[in-house]
2 protein chains.
Amino acid sequence: MKKKPVSIRNIAEELKISVTTVSFVLNGKAKEKHISKELTKKVLDYAKSINYRPNQIAQSLRTGKSKLLVFMVEDISNNFFSQLARIFEDIAYEKGYKVIFCSNENDDEKANELITLFNFRQVDGFIIVPSPGIRETIENLIKDNIPVILLDRFYEGLDCNSVVIDNEQASYDATQHLIDNKFKNICFISTASDQSQMYGRLHGYEKAVEANGLEPHVLQIPFNEIIKGKGKEYIRAFFQKNKDLDAVFFSTNYLAQSGLEVLKETDQNLIKDLGLIAFDDNDMFKIYDPTITSVAQPLVEICTKLMEVMLPLLKKKDVSETHQKIVLKTDLIIRESSLAKQK
Amino acid sequence: MKKKPVSIRNIAEELKISVTTVSFVLNGKAKEKHISKELTKKVLDYAKSINYRPNQIAQSLRTGKSKLLVFMVEDISNNFFSQLARIFEDIAYEKGYKVIFCSNENDDEKANELITLFNFRQVDGFIIVPSPGIRETIENLIKDNIPVILLDRFYEGLDCNSVVIDNEQASYDATQHLIDNKFKNICFISTASDQSQMYGRLHGYEKAVEANGLEPHVLQIPFNEIIKGKGKEYIRAFFQKNKDLDAVFFSTNYLAQSGLEVLKETDQNLIKDLGLIAFDDNDMFKIYDPTITSVAQPLVEICTKLMEVMLPLLKKKDVSETHQKIVLKTDLIIRESSLAKQK
DNA sequence: CAAACATACTAAAACGTTTTAGTAAAAAAA
DNA sequence: TTTTTTTACTAAAACGTTTTAGTATGTTTG
C-alpha cells in the first residue's frame, strides 16, 4: 500500500516542536532565526534518518517557484536539438532545475498551445526556439514578467533575451571556403523562411558569392512541403534544372540529409565530385565518404550562455530591464567534401 | 509588473457565489452536484471571458497528481532515444501529461540521483531505461506504488512492467541474413554488459552462428571504456587481430558509429568489402555508401505500448497487480551493406 | 400533513509548505 | 531595579485548489 511520505508536520510531532522550527532548520535559517545548536542538530539528524524529502509541490504553491524550465525546440529528435538538450539538461540539473523538453515543429499553433499548456505560470522560465508567428505570445510572456530566452532565432525589433549564432558570418565563411577551393557554381539549398537564422544564412551566402563575382543559385523550399516529406522532390527538380553546379551548401542538417539522398540516387559519383558543406555538424559526417565539411555550432557554449542569462532572470522581480542578445561564433569543420577536387 | 493570475476565488467573488460552486462547475460536476443550468452557464462564460486557467500546482497539491511523467533514457542525444522521445512526447501530451526527459548515462548513481530528485512522489509515473544496478530502486518504486515501466531492458526475475523488443530473435535473424549472403567470418561487436538487451543480442548472434556451424568472433568493450571514448581503440585492436573477418554486426548504434570510423581510417575499401549490419536504424544509413543494413526497432509501437500500459497504472490505487511484459518484433531493413559481395 | 426526497447551493477542512508576527524567558543595559 | 535587547521558539495565515459534510429550500409521497 502507498504509505504517505513524511511531512514536516510528522517531524515536528515526533520531536515535539513546532512546524515553523522544523521549516527554519531545514531551510538553513536556524542561525538567523535563533534556533539553538542542539535543536538544530536534532532536527537535521532526524530528518536525515527518516530520509525526509520536502514536497516540492507544496513548496511551489507557497513560493510560486516550480524549479521547472521549459526548453522548446523545433524537433527534439533532430540531432542538433537533441545534442543541445543533453547538454542543457546537465547544466540545469546542476542548478536544481528540471527541464521539460518539447517540440513545436516550427508551427505557431503548436507553439502557442504548448506555452498555454504550461499555463504561463507553473513554470519558472522558457527557452524557446520560436516558430515564425508567435512574436505576440513572446511579448505577452515578457509583459507577464516570465523569464524567456529565444534560442537559435529571434524577432527583428523585438526586445528580448536571445542566444543565437552569427549565421551570416558562418554562412559567409563557409561559402568563401568553397570559393577558395575553386568551386564556382555554388548553390544554396534552404527553406523558404524569413526567420532570422535562415535570413542570416542566405545573406552570408549571397554576400560571399557576390563579393567574388559569382552567380548565386538558391533553392528555397516551403517549410510545409518539407514537413510533408516533399523536400527531396524539390531538390531533385532543382538539380535537374541546374546541371552546371559544382558545389552545394545545405542550410540545415535535415536538408543535407535529403540532399545527400537525392545525390546518391542520381549518381553515386556526384557526391564525390561536388563540393559539399552542411550547416550543423553530425557525427556521421566523419565517416561519410567523402567526409563532410560542416558549420558546427558551439553547443556547450550555447547552453552555458542560456543558463547564464536565465539564472539572474529567475531571481529578479522585474525581468524586462536587462535584455541580453548573445551572438556566438561557429566553427567551420573542414573535411574532404569541401576541398578542391583533382580531376 | 507581474499581475496575479485569476483564481477560482476571484471568480466566486465576482459572481457572488461560493468557491465550491465554481470548482464544481469547472470540473464538470455541475449536474451531479445539482448546480442550476443558468448558474453553470454564467460561471463557464465568465471563466472563459477572463481566460481562467487553474493553478496546476494547487491542483497537484490537493489531488496528489502532477500530470508529469519522467522518461529516463540512457542518453537523450542518442538518435534512438531522441526519436523515441519525440514520439512519446506527442502521445503523452495528447493524454494531458507533460514529460520530463532525462539521461542516466547507464550509470547507477546518476539514475538513482535522478529518481530521488523527482522525489518519488511529485511525478505520476516513470518510464525508465534502467542502468545495470538499480534493481532495488525500481523495487522500491513498485513497493511505494509508483507506476514504473522499464524500457529497452529489464531485470531477470524482477516482476515489473516492461516494454522491450525481442533482441535475441532480432539478432538471430540479422546474423542469419549475413550467413545467407555467404558471409562466414562474422564478428559481433558489443559492450561487456549483462543487461538483458545486450545478453539477448549476443545470444541471438551466437545461436545463429552455431546453428550454421560457424565460429563466433565476439568483442565486448567495457562500458566505462566506451564512455571514456576508448571504444575505437578496442575496435581497432580487434580488427588488427582478426584479419579474416568478412562481416561485422554492431550491437548498438554508437558502436556502429565508432566501428565505421575505424574501418574508414584503416582502409577505405574495407567498408565496401565487409558485410555490415547495425542495431538501431539511422537516417544516415540510407545515404551511406554502401547503404547500411540495420535492425530497426518499432519506435511508434514502443511508445504506443508504453502509454497503453501507463494509463491504467495512473488510474489505479494498487499498481502491483497487473505487471505486463510487452515484447515487440523488430524490422530488419536490408540495404546494400549486408548483401553478398561479388568479387 | 408529516416524512422523505430532490434541488441548489456553501462553509470549512485539507494538501505540505513558508513566512509573518508574534510570545516568553534570559541576558544586558540603564 | 526597571527597561531594553537578545535568544529561542511558535501560532496561524497563506498559496489555490478539491471535497466532505453540511444547510435551506422546494417537491413528492404515504
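Letters go in sequence order (proteins before strands), and every chain restarts at 1.
Ion pairing between B:D108 and B:R135 fails under the 4.0 Å rule for side-chain N and carboxylate O. Checked for salt-bridge contact, B:E74 and B:R153 meet the test: a charged N lies under 4.0 Å from a carboxylate O. Salt bridge annotation for B:R86-A:D75: present, with a cationic side-chain nitrogen under 4.0 angstrom from a carboxylate oxygen. Salt-bridge check for A:K98 with A:E89: failed, with every basic side-chain N at 4.0 Å or more from each acidic carboxylate O. In this structure, A:K143 does not pair ionically with A:E136, as no charged nitrogen and carboxylate oxygen lie closer than 4.0 Å.
DNA chain D is contacted by A:F24, A:K33, A:H34, A:I35, A:S36 of residues 23-36 of chain A, taking any non-hydrogen atom closer than 4.0 Å.
Contact annotation: A:S7 side-chain N/O to C:dG16 OP1/OP2 distance is not under 4.0 Å. At C:dT17, one or more side-chain N or O atoms of A:Y52 fall inside 4.0 Å of OP1 or OP2 (strictly under the cut-off). Contact between the side-chain N/O atoms of B:T21 and the OP1/OP2 oxygens of C:dC9 is not found at any separation under 4.0 Å. At least one side-chain nitrogen or oxygen of B:Q59 sits closer than 4.0 Å to the OP1 or OP2 atom of D:dT18.
When the nucleotides C:dT10, D:dT17, C:dT18 are ranked by their closest atom to the side chain of A:T63, C:dT18 comes out on top.
Donor-acceptor pairing under 3.5 Å, judged by distance alone, is present between the side chain of A:T20 and the base of D:dA11. One donor-acceptor pair, N or O on each side, does fall under 3.5 Å between the base of C:dT18 and the side chain of A:R62.
C:dA12 atom P lies 18 Å from atom CD1 of B:I8, rounded to whole Å. Regarding B:I50, its CD1 atom lies at a distance of 13 Å from the P atom of D:dG16, rounded to whole Å. Per the geometry, CG belonging to B:L15 stands 14 Å off C1' belonging to C:dC9, to the nearest Å. Summarising the geometry, the separation between CZ on A:R9 and C1' on C:dT18 is reported as 13 Å, rounded to the nearest angstrom. Counting to the nearest Å, the P atom of C:dG16 and the CG atom of A:L61 are 12 Å from each other. Rounded to an integer number of Å, the gap from A:N10 CG to C:dT17 C1' is 13 Å.
Each of B:V19 and B:A58 has a nearest nucleotide on DNA chain C; the 5'-most of these lies closest to B:V19.
Relative orientation of the B:F71 and B:F101 rings is perpendicular, given thresholds of 30° and 60° on the angle between their planes.
Not a single ring-ring contact (aromatic ring centres under 6.0 Å, His included) links B:F81 to another residue, sequence neighbours left out.
Within the 4.0 angstrom heavy-atom criterion, no nucleotide atom of any strand lies near A:I57.
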